[in-house]
Amino acid sequence: MSFATNVLSRGLATTAWRMAALNHITVIGGGSMGSGIAQVSAQAGYKVTMVDQNDEILNKSCAIINKSLQRVVKKKFADDPSKGEAYISDIMSKISTTTDSSKAVSNTDLVIEAIIENMGIKKKLFSELDKVAKESTIFASNTSSLSISEMAKVTKRPEKFGGLHFFNPVPMMKLVEVVRTSNTNDNTFDTLFDYCKKLGKVPVNCKDTPGFIVNRLLVPYMMEAVRMVERGDASPKDIDTGMKLGAGYPMGPIELADYVGLDVCKFILDGWHEEFPDHPLFVPSPLLNKFVDEGKLGRKTGEGFYKY
Ligand SMILES: CCCCCCCCCCCCCC(=O)CC(=O)SCCNC(=O)CCNC(=O)[C@H](O)C(C)(C)COP(=O)(O)OP(=O)(O)OC[C@H]1O[C@@H](n2cnc3c(N)ncnc32)[C@H](O)[C@@H]1OP(=O)(O)O
Ligand SMILES: NC(=O)C1=CN([C@@H]2O[C@H](COP(=O)(O)OP(=O)(O)OC[C@H]3O[C@@H](n4cnc5c(N)ncnc54)[C@H](O)[C@@H]3O)[C@@H](O)[C@H]2O)C=CC1
């Protein structure tokens with residue numbers, strides 16, 4: 001073996017040694033994000049268990065995945081549509097569902113949490129899961145902007161805890177922010193980074209800072225848009241048209257808020273207000289609160305800033 005080959009193979013062996021084998025993944029929360037994460041994991045060949053609060057929600061999660069896969073096969077098997085149904089059955093057979101999170105994590109290699117954006121509820125969940133998961137199981141949160149270190153503190157595995165921030169819609173968006181806290185060890189980080197690559201995503205390395213990279217920029221931008229509407233400076237439609245045609249964004253900030261979910265936006269904004277209480281941009285938005293109080297949560301309920 002040449003010197004270069006030897007060094008290279010030793011390098012690869014070292015990296016591989018630093019990664020845990022992932023055979024089974026548990027996704028907690030089967031909403032917009034959890035269903036997408038379960039889908040792309042199954043598409044990459046992983047066995048997945050998806051957990052949510054009741055069977056009605058889980059049936060909806062499976063229906064979302066099925067609808068997305070229909071769109072995927074339309075392109076993937078454009079030349080031979082007869083192969084589409086078999087592909088969808090194969091992917092769906094890799095995903096099981098349950099309402100029992102303790103049972104789901106008892107023999108899993110990676111837990112990805114994608115439940116409501118609330119620190120107290122996420123901490124309660126992780127502290128319960130920590131007691132039943134194997135010592136080797138890696139925990140990750142898909143939080144948009146809450147502190148990963150703060151969540152990891154309630155477990156006895158802070159070194160096996162990181163952030164995996166996917167983007168909506170998960171099957172389409174290439175980026176995943178892999179968040180490393182000061183306690184996340186190399187094995188955990190490398191395993192999470194490699195998992196993202198196996199999904200066909202592009203992972204980026206993030207520190208555990210508010211909003212990581214993308215939301216640190218996106219949240220103030222979207223908040224400025226909502227303030228413009230509140231001041232009566234511009235209409236949602238004109239703002240969206242402006243940012244699509246003037247800045248080249250695929251969606252304007254107001255339609256993006258409807259797409260993300262106005263309840264999710266409110267949870268995020270409330271968290272930022274707590275984090276930055278003196279910043280005027282993040283004080284609660286009367287307009288956003290009104291929509292949420294009326295159950296107008298954006299696309300998922302058929303109405304938000306726009307009607308669908
Ligand atoms: C105003 C209130 C402000 C409050 C602010 C306070 C809080 C701030 C909130 C911050 C939110 C942060 C959330 C977060 O943590 C991070 C995020 O995820 S941010 C969201 C990021 N996502 C985007 O920016 C999406 C931008 N949009 C797009 O890229 C496109 O519009 C989109 C791909 C969604 C749809 O494309 P479009 O052309 O518009 O529509 P089509 O329906 O024709 O789709 C095109 C193409 O894509 C396929 N496709 C779409 N969705 C799926 C899917 N789910 N599964 C599979 N395939 C899908 C579709 O089939 C089409 O394929 P063709 O081959 O072209 O037919
Ligand atoms: N919507 C978006 O665009 C994005 C959201 N995120 C983050 O992902 C997480 C989930 O967001 P969404 O999927 O949009 O929310 P969602 O509201 O669509 O789904 C959340 C799901 O979690 C379930 N759930 C709540 N508590 C639970 C518990 N204790 N056990 C099991 N299931 C529980 C709910 O029933 C619901 O189905 C949040 O942390 C959010 O900030 C991250 C990136 C983008």
Side-chain angles (χ1 to χ4, degrees), residues 27-37 39-40 43 50-54 56-58 60-61 64-65 67-76 78 98-101 104 112-119 121-122 124-126 128-129 141-146 163-177 211-212 214-230 236 239-240 244 249-273 281-282 284-285 287-288 291-292 297-300 304-305:
V27 180
I28 317 267
S32 314
M33 298 305 291
S35 60
I37 298 167
Q39 176 188 331
V40 296
Q43 283 181 262
M50 187 168 55
V51 183
D52 210 304
Q53 303 184 93
N54 62 54
E56 200 188 332
I57 302 177
L58 285 166
K60 273 193 198 149
S61 314
I64 296 173
I65 297 175
K67 194 172 159 198
S68 172
L69 288 172
Q70 300 281 357
R71 299 170 90 166
V72 171
V73 298
K74 221 170 149 187
K75 280 176 271 186
K76 195 175 170 77
T98 180
T99 54
D100 185 345
S101 53
I112 305 175
E113 168 277 312
I115 66 165
I116 185 170
E117 185 77 343
N118 176 294
M119 181 58 91
I121 299 176
K122 286 188 194 281
K124 183 169 177 289
L125 176 74
F126 277 122
E128 287 165 7
L129 299 183
S141 173
N142 182 55
T143 179
S144 291
S145 55
L146 297 173
L164 273 181
H165 184 219
F166 287 83
F167 289 78
N168 188 10
V170 179
M172 296 301 296
M173 303 299 284
K174 283 295 220 180
L175 188 75
V176 184
E177 294 180 324
F212 315 127
V214 174
N215 284 346
R216 187 63 181 245
L217 300 170
L218 193 61
V219 174
Y221 154 71
M222 289 174 75
M223 275 320 299
E224 197 54 58
V226 84
R227 299 302 180 202
M228 282 173 93
V229 178
E230 283 175 339
I239 294 172
D240 285 338
K244 280 188 288 190
Y249 286 26
M251 282 178 174
I254 307 289
E255 46 180 335
L256 186 58
D258 269 1
Y259 194 79
V260 165
L262 298 184
D263 52 341
V264 177
C265 287
K266 179 175 158 49
F267 290 133
I268 297 172
L269 177 59
D270 291 348
W272 280 61
H273 180 50
L281 196 57
F282 305 128
S285 154
L287 187 57
L288 189 58
F291 281 126
V292 174
L297 306 182
R299 275 205 198 205
K300 60 185 165 188
F305 283 88

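Each ligand, and each atom within it, is numbered from 1 in the order the structure gives. Small disclaimer: the values here were computed from a predicted structure and weren't measured.
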Handout entry: Modelled atom types, side-chain donor and acceptor of Glu117 and Thr143, under 3.5 Å
Key = yes

Problem - Contact residues of ligand 2, where a non-hydrogen atom lies under 4.0 Å away - result: Ile28, Gly29, Gly31, Ser32, Met33, Asp52, Gln53, Ile57, Ala114, Ile115, Glu117, Lys122, Asn142, Thr143, Ser144, His165, Phe166, Asn168, Val260, Val264, Lys300

Practice task
Decide salt bridge (Lys or Arg N to Asp or Glu O under 4.0 Å) for Glu230 and Arg227; before the verdict, give the C-alpha distance in whole Å, the side-chain angles of both, and the deciding distance to 0.1 Å.
Solution key: CA-CA 5 Å; Glu230 283 175 339; Arg227 299 302 180 202; 2.9 Å; yes

Please tabulate protein-ligand N/O pairs under 3.5 Å for ligand 1, atom names and distances to 0.1 Å.
unit_1	atom_1	unit_2	atom_2	d
ligand 1	15 (O)	Ser144	OG	2.9
ligand 1	15 (O)	His165	NE2	2.8
ligand 1	15 (O)	Asn215	ND2	2.9
ligand 1	18 (O)	Asn168	N	2.9
ligand 1	22 (N)	Asn168	O	2.7
ligand 1	42 (O)	Arg71	NH2	2.8
ligand 1	55 (N)	Ser68	OG	2.7
ligand 1	60 (O)	Arg71	NE	3.1
ligand 1	62 (O)	Lys75	NZ	3.1
ligand 1	64 (O)	Lys75	NZ	3.3

Handout entry: Between Phe305 and Tyr259, ring centroids under 6.0 Å
Key = no

Donor-acceptor check, side chain of [X] to backbone of [Y], threshold 3.5 angstrom: yes or no?
X: Asn118; Y: Ile121; result: yes
X: Ser68; Y: Ile64; result: no
X: Asp240; Y: Glu255; result: yes

Exercise for the section: State, yes or no, whether a side-chain contact exists between Ser144 and His165 at a heavy-atom distance under 4.5 Å. Expected result: yes

Completion exercise
Smallest heavy-atom separation, Ser285 atom then Val226 atom, equals OG-CG2, 4.2 Å

Exercise for the section: Before accepting this row, confirm whether a basic side-chain N of the pair Asp263/Lys300 lies closer than 4.0 Å to the acidic partner's carboxylate O. Expected result: yes

